[in-house]
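Let me begin by presenting the structure, written as structure tokens, before commenting on it.
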Amino acid sequence: MGCFCGYFSNEITDKELFAAINDELHRQQNQIELIASENFVSREVLTALGSVMTNKYAEGYPGKRYYCGCEHVDVAETLAIDRLCKLFDCKFANVQPHSGAQANLSVLYALANPGDTILGMNLEMGGHLTHGAAPTISGKWFKAVGYGINEDGLLDYNQVKKLAEEHRPKVIICGASSYPRKIDFKRFREIADSVGAYLFADIAHYAGLIVAGLYPSPINYADVITSTTHKTLRGPRGGVIMTNNADLAKKINSAVFPGVQGGPQMHTIAAKAVAFKEALNPEFKEYAKRVLENSIAMANRLKECGLNIVSGGTDSHLSVVDLTKLSVNGKVAAHELDKVGITCNKNAIPFDKLPPFQTSGIRIGSAAMTTRGLGKNEFIKIADLIYKVLSNYGKSCYESVKDEVKAETLSLCAKFPLYK
Ligand SMILES: *Cc1c(COP(=O)(O)O)cnc(C)c1O
């Protein structure tokens, strides 16, 4: 089987399950992946993930574990911590969070108490669920207040300041899941200082660009920073927490374990170490540069086609495309594009008139396909294919348009092989 399934792939007996893994490999190989939060990890990261480190219980931290036999997993975790600190120029790091959401929960657990007020970006304006959305712990256990963007699609710092003064939050969260522009972390710091709040920056999406110096780093402004490791940073699925404050570092370590999590996933931490080493290589900077160039090229082409891009463009790997000029909503668009082999997600636009399960936009990102080696010309081509599908939706030629585009996506994928 062509899939990556650890050391003993020729001895597999669970045909049913491994057929699904193999099918997933083929799906990834044959689709144009534009989901802005996804990427393709290296074979070395996959190897570490499929390693014997998954067998080891290692509650605690390197040198202070609850079980014996941790000397080798300690090496892995220490490498991950040291490399992460080097990448982001920070003093303390916790690499144990199982995901971005777990990292965020741990930070809130460390900094605030149930009933305290937190101020974060509204989900429908580009924020993340864990920044105070009603169905999450962040929304249920805290008094969550939300800020947003203005009509131009830009972060409304005056609103942030106003809400901070009015509600005096314990924690202000900055960072987003579908905000394409640069965030002014210094401005957030000033607002946080003016009301005595902690500043918590969640760089889940931008981490890879920050490492390459292409997006501002919050390290000199935020009290605490969290990130996922699997988006632009191109590591295994997981989370991390960083700070320069020794007291907060201690609180955060206790919040992650035993506060929120039990035993860390040592195979994932090993894979994080591998990915951080890759991100320290000069080639990663080149990669991030291409991610940004490709993202801008794709957004510009869609503008040339006549579509509006929320905020007028992008400073990052992602764009939000406004579809109101077309006869498709975000849900239909994402579904139709999936049928021709282009994967993306529906996304609300500022002051969207459609409900969140429909939306008037899509979010597209360049991180994954740039890993496959696509350049500006190919991303311009992808923008053309997107426009071709969406602008012909419902017309009599639509079925044949879809067949043409499907053939083009397959040939693009064949030209830039994945895990071959
Ligand atoms: C993706 C994301 C997360 C959550 O990451 P998970 O690993 O899915 O839990 C948190 N914050 C932001 C801003 C994100 O974009």
Task: Asp202 vs His131, side chain to side chain donor-acceptor pair (under 3.5 Å): CA-CA, chis, key distance, verdict - done: CA-CA 9 Å; Asp202 176 354; His131 297 185; 2.8 Å; yes

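- One finds the CG atom of Leu248 at 11.0 Å from the CD1 atom of Ile241 (value rounded to the nearest 0.5 Å).
- Atom-to-atom distance recorded for Lys285:NZ and Leu280:CG is 8.5 Å, nearest 0.5 angstrom.
- When side chains are defined from C-beta on, Leu199 counts as touching Cys174, because their heavy atoms get closer than 4.5 Å.
- A side-chain donor from one of Gln96 and Glu77 sits under 3.5 Å from a side-chain acceptor of the other.
- With contacts defined as side-chain heavy-atom distances shorter than 4.5 Å, the pair Leu154/Ile149 does not qualify.
- The shortest side-chain heavy-atom distance between Leu326 and Tyr393 does not fall under the 4.5 Å cut-off.
- Closest heavy-atom contact between Asp384 and Cys305: OD1-SG, 4.0 Å.
- Considering Asp184, Asn220, Asp223 in turn, Asp223 is the only one that fulfils the side-chain hydrogen bond (donor to acceptor under 3.5 Å, both in side chains) rule with Arg189.
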TODO: Step by step, work out the side chain to side chain contact (heavy atoms under 4.5 Å, CB included) result for Val52 and His72.
DONE: CA-CA 11 Å; Val52 295; His72 308 300; over 6 Å; no

- [ ] Evaluate side chain to side chain contact (heavy atoms under 4.5 Å, CB included) for Thr226 paired with Val240, printing each intermediate quantity in order.
- [x] CA-CA 6 Å; Thr226 61; Val240 292; over 6 Å; no

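- Using a cut-off of 4.0 Å between Lys/Arg side-chain N and Asp/Glu carboxylate O, Arg181 and Asp315 are scored as salt-bridged.
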TODO: Output, in order, the C-alpha distance, side-chain angles, deciding distance and verdict of side chain to side chain contact (heavy atoms under 4.5 Å, CB included) for Ile225 and Ile219.
DONE: CA-CA 7 Å; Ile225 300 171; Ile219 193 64; 3.7 Å; yes

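- Contact of the Leu119 side chain with the Val171 side chain is not registered, since no non-hydrogen atoms from C-beta on lie closer than 4.5 Å.
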- [ ] Show the numbers, then the answer: is there a ring-ring contact (aromatic ring centres under 6.0 Å, His included) between Tyr221 and Phe188?
- [x] CA-CA 8 Å; Tyr221 304 110; Phe188 268 105; over 10 Å; no

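- Between the side chain of Ser360 and the backbone N or O of Asp352 there is no donor-acceptor pair closer than 3.5 Å.
- Side-chain contact, Ser178 with Arg363: no donor N or O sits under 3.5 Å from an acceptor N or O.
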Open item on the list: As a quick check of understanding, evaluate side chain to side chain contact (heavy atoms under 4.5 Å, CB included) for Arg237 and Gln265, giving each step before the final call.
Closed with: CA-CA 11 Å; Arg237 190 156 297 283; Gln265 303 193 345; over 6 Å; no

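- With Thr409 contributing its side chain and Lys406 its backbone, the two residues share a donor-acceptor pair below 3.5 Å.
- Glu378 is listed as a side-chain neighbour of Leu412, based on a closest heavy-atom distance under 4.5 Å.
- Here the OG-CG distance, from Ser319 to Asn347, works out to 10.5 Å after rounding to the nearest 0.5 Å.
- Two residues are said to be in side-chain contact when any heavy atoms from C-beta on lie closer than 4.5 Å; Ile386 and Ile342 meet this criterion.
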TODO: Please lay out, stage by stage, how Asn294 and Ser366 fare under the test side chain to side chain donor-acceptor pair (under 3.5 Å).
DONE: CA-CA 6 Å; Asn294 291 341; Ser366 60; 5.8 Å; no

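- Atoms CG and CG, on Leu337 and Leu385 in that order, are 9.5 Å from each other to the nearest 0.5 Å.
- Residues Leu354 and Thr359 form no side-chain contact, since every pair of their non-hydrogen atoms from C-beta on lies 4.5 Å or further apart.
- Note on Glu165 versus Lys161: salt bridge recorded, some NZ/NE/NH1/NH2 to OD/OE distance being below 4.0 Å.
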TODO: With side chain to side chain donor-acceptor pair (under 3.5 Å) as the test, would you mind laying out the steps for Thr371 and Tyr287 before giving the verdict?
DONE: CA-CA 7 Å; Thr371 295; Tyr287 160 70; 3.1 Å; yes

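- Not a single donor-acceptor pair under 3.5 Å links the side chain of Asn30 to the backbone N or O of Gly341.
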- [ ] Walk me through it: do Tyr61 and Asn94 pass the test side chain to side chain donor-acceptor pair (under 3.5 Å)?
- [x] CA-CA 9 Å; Tyr61 290 98; Asn94 187 307; 2.9 Å; yes

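- Classification of the Tyr206-Tyr215 ring pair by plane angle, with boundaries at 30° and 60°, yields parallel.
- Annotation for Ala383 and Leu302: closest pair O-CD2, 3.6 Å, computed over non-hydrogen atoms.
- To the nearest 0.5 angstrom, Glu166 atom CD is 11.0 Å from Thr117 atom OG1.
- Salt bridge status for Glu190 with Arg187: absent, with no side-chain N to carboxylate O gap under 4.0 Å.
- In terms of modelled atom types and a separation under 3.5 Å, the side chain of Lys272 and the main chain of His267 share no donor-acceptor contact.
- A donor-acceptor pair under 3.5 Å is absent between the side-chain atoms of Ser295 and the main chain of Val291, judged by distance alone.
- Taking the side chain as every heavy atom from C-beta outward, Asn392 and Lys395 approach each other to under 4.5 Å.
- Of the possible donor and acceptor atoms, none in the side chain of Lys388 sits under 3.5 Å from a partner among the backbone N and O of Glu404.
- For Gln28 (side chain) and Leu418 (main-chain N/O), no donor-acceptor pair under 3.5 Å exists by modelled atom type.
- For the residue pair Asp322 / Thr324, a side-chain donor-acceptor distance below 3.5 Å is found, with atom types taken as modelled.
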